[in-house]
Amino acid sequence: MTRRPMMAANWKMNKTIREAQEYTAALLPRAADSEDVDVVVCVPFTCLHEVGRMAGDSTVIAGAQNFYHEDSGAYTGEVSAPMLLDVEAGAVIVGHSERREVFGETDDMVARKAKRAVEAGILPIVCVGETKEERDAGDMWEKVSGQVGQVLEELEDAGGESLVFAYEPIWAIGTGDTATPEDAQDAIGKIRDLLRETQGDDFAASVRILYGGSVKPENAAEIMAQEGIDGALVGGASLEVESFVELIGAAQNAVAQTEQ
Ligand code: 13P
């Protein structure tokens, strides 16, 4: 089974609507060539309607960076799946380490969000990853398998193509300290083995697993060349259209090389 690569931008808490318009206007014509790669741009809620409107029927998918699993009610400050559908969001980041570490999201909350997104037909990009201390203590897999396992327990009979995982080691985020391609491949390989053991071969073969953490144009080709790594979730290097377009190009080249 061939999985379609994905290059996903995570703008985090950056850009006004005006800046988002400029970015999207510059990106759309350049992303149109990347027919073999899913291009996702996860933007602040305030920009989502506009980016989604501009992206329209193009190949670019507008995504959110978070949401709450209940549909409506007394949850001040939250945004629900029906609200994301209202602005035609096609994807949502779930359980980013910044949500977990800064805002106290638990594995249980993340799993409920992943389930609700799948039910709503919004592609969740579920983030997992360990801290530096956990890695140094040899606990990387205990942490990551717990995070992945809890999501899988909630999912019931969802198909593998209905969600995406992103392995983002926390020590590699925003630090310039990228995991080696071998470390990234090792962790992603273990995640896929776990998916196979618990959900079966078809599920494991169809789930896309991205790498995230200091991905830049200079290291993207090496990361994308690793077997089993289906793309990247990119923070800093996605904020400029030029470097994000280079990253999309790296994913496109990786497809071309496997087809040779
Ligand atoms: P950087 O690419 O800035 O390291 O951020 C990674 C990330 O957190 C993407 O979700």
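Remember, it's 1-based here, ligands and their atoms both numbered in the order they're listed. Counting begins at 1 with the first residue of the sequence.
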- prompt: At the 4.0 Å heavy-atom cut-off, does G213 count as touching ligand 1?
  reply: yes

statement: Among non-hydrogen protein atoms, atom 5 (O) of ligand 1 lies closest to K12 NZ, 3.3 Å

query: Quick check: does N10 get an N/O under 3.5 Å from an N/O on ligand 1?
result: yes

- line: heavy-atom search around atom 2 (O) of ligand 1 in the protein gives G235 N, 2.9 Å

statement: If we number the atoms of ligand 1 from 1 as shown, the ones under 4.0 Å from a heavy atom of H96 are 7 (C), 8 (O), 9 (C), 10 (O)

message: Under 4.0 Å between a side-chain nitrogen and a carboxylate oxygen: does that hold for R30 and E242?
response: yes

task: With heavy atoms under 4.0 Å as the rule, classify the contact between A166 and ligand 1 as side chain, backbone, both or neither.
output: neither

field: Approximate separation, where rounding is to 0.5 Å, of T106 OG1 and Q147 CD
entry: 11.0 Å

field: Test of proximity, E98 against ligand 1: N or O pairs below 3.5 Å
entry: no

message: Quick test: of every protein heavy atom, which one is nearest to atom 9 (C) of ligand 1, and how far off is it to 0.1 Å?
response: E168 OE2, 2.9 Å

- prompt: In terms of side-chain geometry, is the basic nitrogen of D177 or K132 positioned less than 4.0 Å from the acidic oxygen of its partner?
  reply: no

message: I'd like to know whether ligand 1 has A172 as a neighbour, heavy-atom separation below 4.0 Å.
response: yes

query: N/O to N/O below 3.5 Å, does that happen between V234 and ligand 1?
result: no

- prompt: Should R100 and E105 count as an ion pair when the cut-off is N to O under 4.0 Å?
  reply: no

- request: Could you tell me whether D186 and K190 have a side-chain N and a carboxylate O separated by less than 4.0 Å?
  value: yes

task: For atom 3 (O) of ligand 1, find the nearest protein heavy atom and state the residue, atom name and distance (0.1 Å precision).
output: G236 N, 2.8 Å

message: Could you check whether any side-chain heavy atom of L247 comes within less than 4.5 Å of a side-chain heavy atom of S238, counting everything from C-beta outward?
response: no

query: Could K12 and E98 be called an ion pair, given the rule that one side-chain N must be under 4.0 Å from one carboxylate O?
result: yes

query: Salt-bridged, D230 to R4, with N to O below 4.0 Å?
result: no

query: Are a donor atom and an acceptor atom from the side chains of E134 and T131 found within less than 3.5 Å of each other?
result: yes

query: Is the shortest distance from a heavy atom of S214 to ligand 1 less than 4.0 Å?
result: yes

message: Is there a polar contact, in the sense of an N or O pair closer than 3.5 Å, between G174 and ligand 1?
response: yes

